[in-house]
Amino acid sequence: MQQNTLKMTLAALVKIAAFDALKHLFPDTDISASAITVNQTKPEFTGDYTIVLFPFVKLLRMKPDILGTQVGEHLLATSDLFSEFQIVSGFLNLTVKDSYLNTFLTENFTNSSFGIQHPVDHKVMVEYSSPNTNKPLHFGHLRNIFLGAAVSEILTANGKKVIKANLVNDRGIHICKSMVAWKNYGEGATPASSGIKGDHFVGDYYVKFNEVYKKEIAGLTAAGMDEKTAEKEAPIMLAAQAMLRKWEAGDEATRKLWETMNGWVYEGFDVSYKNLGVSFDHVYHESETYLLGKKIVEDGLNKGILFRKEDGSVWIDLTDDGLDEKLLLRGDGTSVYITQDIGTAQLKYNDYGLDQSVYVIADEQNYHIQVLKLILKKLGEPCADGIFHLSYGMVELPTGKMKSREGTVVDADDMMAEMVNMAREQTEQAGKTEGFTAEELNNLYRTIGMGALKFYLLRVDPKKRMIFDPKESIDLHGYTATFIQYAHARICSILRKENIPVTGTATQLPQLSGNVTLEKAEKDMILHMEQYPDILKDAADSFNPASICNYTFQLAQLFNTFYDVHSISKAESEEKKTLRLMIVIMTASTLRHAMGLLGISLPEKM
RNA sequence: GGUCCGGUAGCUCAGCUGGAUAGAGCAUCAGCCUUCUAAGCUGAGGGUCAUUGGUUCGAAUCCAAUCCGGAUCACCA
């Protein structure tokens, strides 16, 4: 029992206590736990947690003051949590005992698994990144990648078994475009011979293709052809299509070129992924999965769930679900995008026996995923129920959508370099480079730059689209990773001076006597840290890393205020010093843990 | 046209399972470094929570309608 109550957060305990009190005081009234609202007390009132009395005022036909007094007195008498209560017009404000918070702090300040849930039997795959192999990653991909990586970590911290997957789109007309352009204009160049990173190298030929294509269309229309026909008849487009046919027929030379060029891209991606600090447990390739799904479709046809039209194409009727008819196989028997996805969904499920499968995909595919899930359900596939679309808004430029064909993209590698560079400029400008080796400085710039980039993209609710103005760049002040990193570095500086290991979890400090009085800034910090397990759980339930950003920023803010008003090394008493060291040690480790989930590391010096 | 998502301070965003006088950051202005890192802290100004109606003791939050912005409804992927 003791064990259990310690693991619950205050907010949960207050709610239970309130429920028990009401049931005890009014045994004849039917009171539901869901009617109890517990909030944090607004700063302008005395108290820490507030129980809203209005619902019960009505139910019990009592005046708020009388009801609140009865509940409050009962809570003080029966629970060890509260030191006092006040009633302000229908709100019962409870003050949490300092001794409770001191005990919490003593027990958890070196607890490296604070907030982490016990493992549960729940396997979830998170698919993210999922690039095409005809061009490098751009800024929009970064949102996807950081989201997928962060959600994976958050789910893991909540006890789930996570498989991180990447589904690489390594085949199709877009790759053939790069291949044709390289064949025609590459003159045998390679990433090594040109000194260009592989993914950029191949991407350059994709751009080249579109340049030539545009010119050819212009030439044809000038010669009197209408635009639609010209788009179809442009020689370079015909060449790309021929290339795709040869690829599908398994033509050796084509396959070889394809493998070579994809290989270049993978080398480039590997560098980018490494710089981004992300990894995958399983990489699926579309060239291996694109023929899957046909059998499932044929089974569905036999079962009468699907139907065939006169031209031989296979369809599903979703009009009863408010959607349209959807094509699943072309008249010539070849599969379409969704056919592949049906097959891949089943493959993933069979590979791991998944309870859940998260697709991190931009919101432009909301309809597609909705249809996919519905079709799988109608086909009776067991993987259907576990599918969850983590839909996120596109990252746009002030000028509109990023179009790699037109070269109006913010390149991911460029962006990373730019951020690291900004971190360098800021550090130099602030004159904070003393006492670092050149290597330490480079690491610091990376930590700050990449942290700022990740935080910038993760702090916004995923489903909102965001407009990124490269000219305005990204701030390193205010609601940023830098702010949090700085708070951490300050704590580490204090700990160094006290000869306490900054990342050590085995720190020994004297026992607190139990009756240390907490000042506001101290109490605020402990109360906030105490909520961390709930925040982590909410972030997992809502698949939203932004709530972690928010929480972490607030904790850093509380620390900065605390740091400003209270001295740690020169505390008023030894006991106060111990208390503050505990607070600060736990703050640092909570910041590290939370930011670690987002893939952001915190420097010990900056 | 159907469906889905968004609209909160000059800008970028929290808050949305209904609760007290709607919060941060940036920007602007005014203060704070002989004392643990000023990448920080304190304070000020800045709001018709798109609009209208409804439900409720109570609405930024729930419901309906309208307006604005976006996405999508392909034998593309």
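Chain naming here is simple, since letters A, B, ... match the order of the sequence lines and numbering starts at 1 in each.
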Intra- and interstrand pairs of RNA chain B - dot-bracket, Watson-Crick/G-U under 3.5 Å, | marks other strand = ((((((((.[[[[.)...(...]]]].(((((.......))))).....[[[[[..)....]]]]])))))))....
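Contact check, A:Lys497 against B:C36: no side-chain N or O comes under 4.0 Å of OP1 or OP2. Contact annotation: A:Arg465 side-chain N/O to B:G7 OP1/OP2 distance is not under 4.0 Å. Contact check, A:Lys570 against B:C36: no side-chain N or O comes under 4.0 Å of OP1 or OP2.
Listed candidates were B:C5, B:U21, B:G40. Nearest to the side chain of A:Lys463 is B:C5. Of the candidate nucleotides B:C75, B:G6, B:C73, B:C73 has the atom nearest to the side chain of A:Asp324.
Remark: of the listed residues A:Arg143, A:Arg465, A:Lys464, A:Arg465 is the sole one forming a salt bridge (Lys or Arg N to Asp or Glu O under 4.0 Å) with A:Glu396.
Contacts of A:Thr561 with the nucleic acid, taken as non-hydrogen atoms under 4.0 Å apart, involve only primed sugar atoms and P, OP1 or OP2. As judged by a 4.0 angstrom heavy-atom cut-off over every strand, A:Lys42 is placed among the base-contacting residues. When heavy atoms are screened at a 4.0 angstrom cut-off, A:Met606 is found touching base atoms of the nucleic acid. As judged by a 4.0 angstrom heavy-atom cut-off over every strand, A:Glu286 is placed among residues touching the sugar-phosphate backbone only. Within 4.0 Å (heavy atoms only), A:His389 reaches no atom of the nucleic acid at all.
Side chain to side chain, A:Thr433 and A:Thr427 fail the donor-acceptor criterion of an N or O pair below 3.5 Å.
Residue-environment remark: CD (A:Glu44) exceeds the threshold of 12 foreign heavy atoms within 6.0 Å.
Between A:Asn544 and A:Thr50, the residue whose closest nucleotide on RNA chain B is further toward the 5' end is A:Asn544.
Side-chain N/O atoms of A:Asn93 and base N/O atoms of B:A20 include a donor-acceptor pair closer than 3.5 Å.
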Run the numbers on A:Glu440 and A:Tyr445 for side-chain hydrogen bond (donor to acceptor under 3.5 Å, both in side chains), then give the verdict.
-> CA-CA 9 Å; A:Glu440 283 170 345; A:Tyr445 302 151; over 6 Å; no
